[in-house]
Number of protein chains: 2
Amino acid sequence: MRILTLEIAPGSDLDEAALCAQYGISRTPMREIFQRLSGDGYLRLEQNRGAKVASMDLSVMRMFFQTAPMIYANIARLAAEHRRVEQIPPLKAIQEEFRTATEDGDAGRSALLNHRFHWKIGLMAHNPYLLTSLNRMLIDHTRLSQTFYRPASKGEETRVYKAVEQHDAMITAIENQEPELAVELTLDHWNLSLDRLEQFVTPDPLPLDMTAIKDRKHAI
Amino acid sequence: MRILTLEIAPGSDLDEAALCAQYGISRTPMREIFQRLSGDGYLRLEQNRGAKVASMDLSVMRMFFQTAPMIYANIARLAAEHRRVEQIPPLKAIQEEFRTATEDGDAGRSALLNHRFHWKIGLMAHNPYLLTSLNRMLIDHTRLSQTFYRPASKGEETRVYKAVEQHDAMITAIENQEPELAVELTLDHWNLSLDRLEQFVTPDPLPLDMTAIKDRKHAI
DNA sequence: TTTATACAATTTGTATACAAATCGTATTCA
DNA sequence: TGAATACGATTTGTATACAAATTGTATAAA
């Protein structure tokens, strides 16, 4: 049920019956799925009103940017301290999938695998309290990345490439149990993500030259 | 459904049918309640195995003590910054209930109202990410307080009295929007709670004098 | 006596039927 | 023409019935 991280628009309400038909299950298990997704912050359930896809307002967005570094950094530290050796190979496997997805330029798949990558690191921290926060953060982070994604820009490939490299470095730091390094790399990674998001909040200004606009008029 | 914060033992499994009969509702809504409580960290649901009350192992306990100050302090800061004036009266109302509960020496009710007090402060922070963490922390904190509670000890009344005072001070700091003060008071409050818990992890040693034990033999 | 297997009983998961509530539309009255 | 109300249709919530799975017990074989 990763319909949410991707296609369905925030705020839209979900048709219970339609989804039941689509997935070939009855209403009872579907409602239980709704309950779980609601608890995870994917959906909002209202009395006698059904399920809506959760959406983000401005104040929540501020909190997101304010809180994310702290959560991510502490998760990284704890992961480096408490990772079990058997957790490393699955993480590396996801990273390889992530690498190929970025090389293929598959944005949706990249975002999803990035989500799974950071979630796995979250599990390594073995801290149930921060894990719930991380879960909510990742959901919103992934969705922000998706909504703000633009297909092909100049600096974009280099940024994505850098992100893949940072993941590699983070794996090494966690594997070698170097908490401070893991924190530093994670904050770098966050700043890269910030750059990416900032590019869309404050994009390049439109050309001041009015002739360009006049030309477009004919095209429309 | 505050059955959990109090009576039912951690690890015990819940009888679906019995609870349905008890609350006069059918299995479907009860299962939906289970789903929610499971998401909140009250219960653990296992495949075809029903619901068990969540329990805490040693490593989770370590994480609890490691994580709590950070979460509580940041919640306090954000609450002082972002509280809405209409949120203050309900908080004060809970505090008054808490005060009377402590004066009556009602430990269970005190713990529950303390829980509600800190939850209300969490809501004032308007940070959904930290709020999920706070929720899990408070559940475990309240349960720890309960399990470690001993009825009447010398230092206990003064500690509880101090806790009530600290709550008052916290309300004032939040109402006056003094984030730094709110953080300081919250950390003091946490340390008081730590003292309380420590008293039970390392209680007064048993008397070394063997004669006392011999005397008891006859009594048994 | 102990262990393994089969069967019964209980418990959990899913589907469906029915009740309650909400929403849209149409008709009526001002 | 506009607003309000009433009625029908759709959607959501709850109960119950049935299927699947698990657990406990009893009996038989080693």
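Residue numbers begin at 1 in each chain, while the letters A, B, ... track the order of the sequences.
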| field | Heavy-atom side-chain contact between W190(B) and T186(B) under 4.5 Å | value |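 No. Closest side-chain heavy atoms not under 4.5 Å.
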| message | Is there a side-chain contact between S145(A) and R196(A) in this structure, where contact means two heavy atoms from C-beta onward sitting under 4.5 Å apart? | response |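 S145(A) reaches R196(A) side chain to side chain.
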| Length of the line joining E32(B):CD and dT14(D):P, which is rounded to integer Å |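 Nearest whole value for this atom pair: 7 Å.
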| Can you tell me how far C1' of dT14(C) sits from CD of Q35(A), to the nearest Å? |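 It is 16 Å, rounded to the nearest whole Å.
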| field | From N114(A) atom CG to Q95(A) atom CD, the distance as rounded to the nearest 0.5 Å | value |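 The CG atom of N114(A) sits 9.0 Å away from the CD atom of Q95(A).
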| query | Tell me, for nucleotides 5-12 of chain D in 5' to 3' order, what letter each nucleotide earns: B for a base near a protein heavy atom under 4.0 Å, S for only sugar-phosphate near one, - for neither? | reply | -------B
| Test: E175(A) and R83(A) ion pair at under 4.0 Å |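 Looking at E175(A) and R83(A), the cut-off is not met.
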| query | Can we call the ring centroids of F64(B) and H141(B) under 6.0 Å apart? | reply |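 Judged by ring-centre distance (under 6.0 Å), F64(B) and H141(B) do meet the cut-off.
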